[in-house]
Engineer: 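Mind having a look at this structure? Questions to follow.
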Amino acid sequence: MLYRLAAIVLIFISPSLYGQSFDSLVNTVLPVDTLITVREQKLDSLLTGGEQQLDSIEAYAASQYASLKSSYDSVSLTVNLEVGKINHALDSLHKLNAPTNKLTQKLDSIEHWKN
């Protein structure tokens, strides 16, 4: 901003002081403006690159979370199915007045593992 203000002041003062034409002054001021534009573009590209990196990290974390959740859900479903089978077998053994010690221990072991 300061460079632009200085360039504007030079444009209006220099022709009268040095007798130069306006076009020659514009040609000398334009490279300064070009440098400012290049710096702004580099800054924009750095910010954009940072945003892209953050988006990439976010996408990777979401993917890893989904994979982990899927694995957990799969294990949880398998355990719940096994607990259901054991409970069904226990109910059947209770009706027959049969011993249930092994299945009760297995069920306790699974419940302990889940917690």
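For reference, positions follow the sequence shown, starting with 1. FYI, side chains are in, hydrogens and waters are out, and symmetry mates aren't considered; it's all heavy atoms of this structure.
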Engineer: Once you round to the nearest 0.5 Å, how far does OG1 of T100 lie from NZ of K106?
Structural biologist: 14.0 Å
Engineer: Could you work out, with side chain to side chain contact (heavy atoms under 4.5 Å, CB included) as the rule, every residue matching V75, not counting sequence neighbours?
Structural biologist: V79, W113
Engineer: Is it true that, when you exclude Q64 itself, more than 12 heavy atoms of the residues, nucleotides or ligands shown sit nearer than 6.0 Å to its CD?
Structural biologist: yes
Engineer: For A66, does its backbone N or O pair with a side-chain atom of S70 as donor and acceptor, under 3.5 Å?
Structural biologist: no
Engineer: Within the 4.5 Å heavy-atom criterion, are L77 and E82 side-chain neighbours or not?
Structural biologist: no
Engineer: Considering all heavy atoms of both residues, which atom of L103 and which atom of I86 are nearest to each other, and what is their separation?
Structural biologist: O-CG2, 3.7 Å
Engineer: Could you tell me which residues satisfy side chain to side chain contact (heavy atoms under 4.5 Å, CB included) with D91, sequence neighbours excluded, listed by chain and number?
Structural biologist: none
Engineer: Quick one: NZ on K69 to OG on S74, what's the gap to the nearest 0.5 Å?
Structural biologist: 11.5 Å
Engineer: Return yes if some donor-acceptor pair links the side-chain N/O of S109 with the main-chain N/O of Q105 below 3.5 Å, else return no.
Structural biologist: no
Engineer: Determine, step by step, whether K102 and L107 satisfy the side-chain contact (heavy atoms from CB on, under 4.5 Å) criterion, reporting the C-alpha distance in whole Å, the side-chain angles of both residues, the deciding distance to 0.1 Å, and the verdict.
Structural biologist: CA-CA 9 Å; K102 283 188 174 182; L107 186 62; over 6 Å; no
